> 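The structure is given below, and queries will be raised subsequently.
Side chains included, hydrogens not; waters and symmetry mates left out as well; all remaining heavy atoms used. Given the structure is predicted, the values throughout are model-derived calculations rather than measurements. Every chain is numbered from 1 and lettered A, B, ... according to where its sequence line falls, protein lines coming before strand lines.
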2 protein chains.
Amino acid sequence: MHAPPHAVDADATTGKSRDAANTRRLLLSSARRRFAQDGYSATRVRDIAADAGVNVALINRYFSSKEGLFEACLAHARDELGRSDGSSATLDDLVEALTRQVAGPANGDRSLQLLLLLRSSGDETADAIRLNTLRYFADQMAVAAGRSVEDVSSDDLRLRAQIALSTMLGIALLRASSTGLEPLASTGVDGLEGPLRDVITALLAPRL
Amino acid sequence: MHAPPHAVDADATTGKSRDAANTRRLLLSSARRRFAQDGYSATRVRDIAADAGVNVALINRYFSSKEGLFEACLAHARDELGRSDGSSATLDDLVEALTRQVAGPANGDRSLQLLLLLRSSGDETADAIRLNTLRYFADQMAVAAGRSVEDVSSDDLRLRAQIALSTMLGIALLRASSTGLEPLASTGVDGLEGPLRDVITALLAPRL
DNA sequence: TCGCTAAGTCATCACTTGTTTACATCGACT
DNA sequence: AGTCGATGTAAACAAGTGATGACTTAGCGA
């Protein structure tokens with residue numbers, strides 16, 4: 001087994017040497033997928049550890065508990081989602097960004113983040129992050145609708161943005177649902193962008 | 001305590017006497033709520049039994065297993081959902097029916113049926129019922145869009161109907177989500193019908 | 001009233017869950 | 001070498017989980 005002495009490997013996926021930060025990343029990645037796809041209580045910590053190729057006890061070492069790991073996933077999703085939609089200034093940009101978010105490419109991680117926002121453990125802290133992210137996300141969509149600022153604070157626009165968000169989440173959920181609902185499940189970005197534009201325009205476009 | 005000999009009570013909610021059909025109903029009702037709100041694996045059979053005011057073992061007696069009870073809930077939801085939307089012949093009728101479905105009144109049962117379609121146990125039979133109901137529901141919406149029959153079979157219309165369904169499911173989910181997302185969570189039928197009409201019209205209205 | 005059957009109860013099983021504990025191993029520093 | 005803290009491993013624990021089978025009770029006709 002003679003481990004290579006030049007253990008500056010630090011490869012993210014195949015790193016064999018002892019690298020705490022790396023195993024943390026591995027655990028987070030596996031956990032995110034499991035939590036998003038199967039829900040909180042349906043995922044077992046042993047499965048997460050197995051996916052990461054790591055011992056179960058390390059979950060508790062690095063994240064204190066299953067709930068701690070879930071919160072970490074949620075926080076990660078919040079940061080990543082908060083970063084991605086800041087660039088969409090117009091409605092068209094928003095549609096394109098959201099379509100990519102829900103239907104890939106690089107589908108591996110994107111849509112999982114959305115799913116995560118629908119999964120609930122019983123934990124208050126996690127649910128707070130979840131609700132906060134959802135609210136922020138919807139408000140960002142309202143802003144991108146290009147209305148005036150006082151419009152954004154109106155409950156009617158908020159409601160409409162949250163309904164648009166509901167659509168995104170519903171699609172993400174149905175696409176990920178164990179048994180795929182066709183044609184929705186296997187429609188790509190190209191096929192999804194049209195209808196999605198119709199929805200978001202109908203909900204958020206300024207009234208003429 | 002001398003139990004009244006004329007035990008023809010058989011009241012659905014307060015029935016104390018031994019009534020198999022009634023306890024079955026009670027179990028189904030409690031289970032539907034639990035499964036819909038908390039998901040499959042997060043609900044414990046003991047909680048269901050406690051809600052129904054019934055002994056835990058009766059779940060296995062009447063439904064063979066926890067999964068059997070879940071399948072029964074799903075089948076019940078399928079029948080009830082299949083019955084409710086047959087009446088909507090026009091797009092406006094559809095919007096009104098769906099709005100009621102997701103936002104009450106008599107919210108107690110309606111939206112739970114929708115939520116149930118998003119909850120998955122690992123069971124194949126249950127998932128089959130679930131997928132089947134979703135497909136049927138979306139197709140019904142396409143039919144109500146008032147297009148010609150050959151249009152309904154087109155994948156584009158199917159996709160659009162499924163996206164509309166996604167919106168309904170997403171809303172139901174966000175409204176039921178443990179911590180409510182305002183204003184969506186507490187908006188009634190009146191406030192929801194407008195935006196919902198916009199969405200469904202944008203998705204399903206025949207192109208001019 | 002007796003006795004049978006359906007309906008419900010109780011104790012307990014086998015198993016899974018998240019978590020913890022005790023131990024082994026690596027890498028670095030003196 | 002030898003020590004030490006960080007990292008990882010394996011085994012076990014305690015609390016629950018769904019399920020089961022033997023027992024008790026209610027209802028009802030003979």
Side-chain angles (χ1 to χ4, degrees), chain A residues 1-11 14-28 30-31 34-35 38-73 121-123 126, chain B residues 1-11 14-28 30-31 34-35 38-73 121-123 126:
Chain A
M1 270 306 173
H2 60 82
H6 46 75
V8 212
D9 189 15
D11 187 16
T14 66
K16 285 297 162 214
S17 319
R18 304 192 163 194
D19 183 350
N22 188 34
T23 59
R24 251 192 76 105
R25 260 194 307 275
L26 288 174
L27 280 174
L28 263 174
S30 311
R34 284 282 185 177
F35 283 141
D38 305 337
Y40 178 81
S41 55
T43 64
R44 295 164 283 265
V45 288
R46 285 174 168 85
D47 293 339
I48 297 176
D51 288 355
V54 150
N55 192 284
V56 205
L58 297 181
I59 288 180
N60 298 92
R61 174 190 287 276
Y62 289 124
F63 301 96
S64 307
S65 65
K66 182 190 181 185
E67 275 187 352
L69 176 55
F70 182 66
E71 283 179 27
C73 289
S121 69
D123 187 39
Chain B
M1 270 303 171
H2 60 82
H6 46 72
V8 212
D9 188 14
D11 186 19
T14 66
K16 284 301 163 209
S17 320
R18 305 189 162 197
D19 183 349
N22 188 33
T23 60
R24 251 190 78 105
R25 260 194 305 274
L26 288 175
L27 280 175
L28 264 174
S30 312
R34 285 283 185 176
F35 283 140
D38 306 336
Y40 178 80
S41 55
T43 63
R44 295 162 284 264
V45 288
R46 285 173 169 86
D47 293 339
I48 297 176
D51 288 355
V54 150
N55 192 284
V56 206
L58 298 181
I59 288 180
N60 297 94
R61 174 189 284 277
Y62 290 125
F63 301 96
S64 307
S65 66
K66 182 189 181 185
E67 276 187 351
L69 176 56
F70 182 67
E71 283 179 26
C73 289
S121 68
D123 187 39

> For the pair made of CZ in B:Phe70 and P in D:dG18, what is the distance, rounded to whole Å?
14 Å

> Does A:Thr23 place a side-chain N or O at less than 4.0 Å from the phosphate oxygens OP1/OP2 of D:dT7?
no

> Can you measure B:Glu67 atom CD to D:dA19 atom C1' for me and round it to whole angstrom units?
13 Å

> Return all side-chain donor-acceptor pairs below 3.5 angstrom for residues 49-60 of chain B, not counting sequence neighbours, or 'none' if the list is empty.
residue	atom	partner	partner atom	Å
B:Asp51	OD1	B:Arg34	NH2	3.4
B:Asp51	OD2	B:Arg34	NE	2.7
B:Asp51	OD2	B:Arg34	NH2	3.4
B:Asn55	OD1	B:Ala57	N	2.9
B:Asn60	ND2	B:Ser64	O	3.4

> From D:dA10, C:dT19, C:dA7, pick the nucleotide closest to the side chain of A:Ala57?
D:dA10

> For the pair A:Lys66 (side chain) and A:Tyr40 (backbone), establish whether a donor and an acceptor sit closer than 3.5 Å, ignoring hydrogens and angles.
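Yes; judged by distance alone, with no hydrogens or angles, the pair exists.
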
> Can you tell if the side chain of B:Phe70 reaches within under 4.5 Å of the side chain of B:Asp123, non-hydrogen atoms only?
no

> Which is true for B:Tyr62 with a 4.0 Å heavy-atom rule: it touches a base, it touches only sugar-phosphate, or it touches nothing?
sugar-phosphate

> Measure across B:Thr43 and B:Gly39 and return the closest heavy-atom pair with its distance rounded to 0.1 Å.
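Nearest pair, atom of B:Thr43 first, then B:Gly39: CG2-O, 3.0 Å.
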
> For the pair made of CG in B:Asn60 and C1' in C:dC13, what is the distance, rounded to whole Å?
13 Å

> Identify, residue by residue, the members of residues 38-51 of chain B with a heavy atom below 4.0 Å from DNA chain C, and return them in order of residue number, or none.
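DNA chain C contact set from residues 38-51 of chain B: none.
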
> How close or far is atom C1' of C:dT21 from atom CD1 of A:Ile59, stated in whole angstroms?
17 Å

> If I take atom OG1 from residue A:Thr23 and atom CZ from residue A:Arg61, how far apart are they, to the nearest 0.5 angstrom?
9.5 Å

> Does A:Asn55 make a side-chain N or O approach to OP1 or OP2 of D:dG8 shorter than 4.0 Å?
no

> Looking at side-chain heavy atoms only, is the closest gap between B:Phe63 and B:Arg24 below 4.5 Å?
yes

> Whole angstrom is fine here: how far is it from CZ in A:Phe63 over to P in C:dT19?
13 Å

> Please classify the nucleic acid contact of A:Val56 as base, sugar-phosphate, or nothing, using heavy-atom distances under 4.0 Å.
base

> Considering only nitrogen or oxygen atoms on both sides, find all protein atoms under 3.5 Å from nucleotides 1-6 of chain C and state each distance.
none

> Roughly how far apart are A:Tyr62 OH and A:Leu28 CG, rounded to 0.5 Å?
12.0 Å

> Between CG of B:Leu26 and OG of B:Ser30, what distance do you get to the nearest 0.5 Å?
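Separation between the atoms: 6.5 Å.
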
> Could you state the CG-C1' distance from B:Leu58 to D:dT24, rounded to the nearest angstrom?
14 Å

> Give the rounded distance in Å between these two atoms: CG of B:Leu27 and P of D:dA19.
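Nearest whole value for this atom pair: 13 Å.
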
> Need to verify one output field. Residue with the more 5' nearest nucleotide on DNA chain D, A:Ala21 or B:Lys66?
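By nearest-heavy-atom nucleotide position, the 5'-most residue is A:Ala21.
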
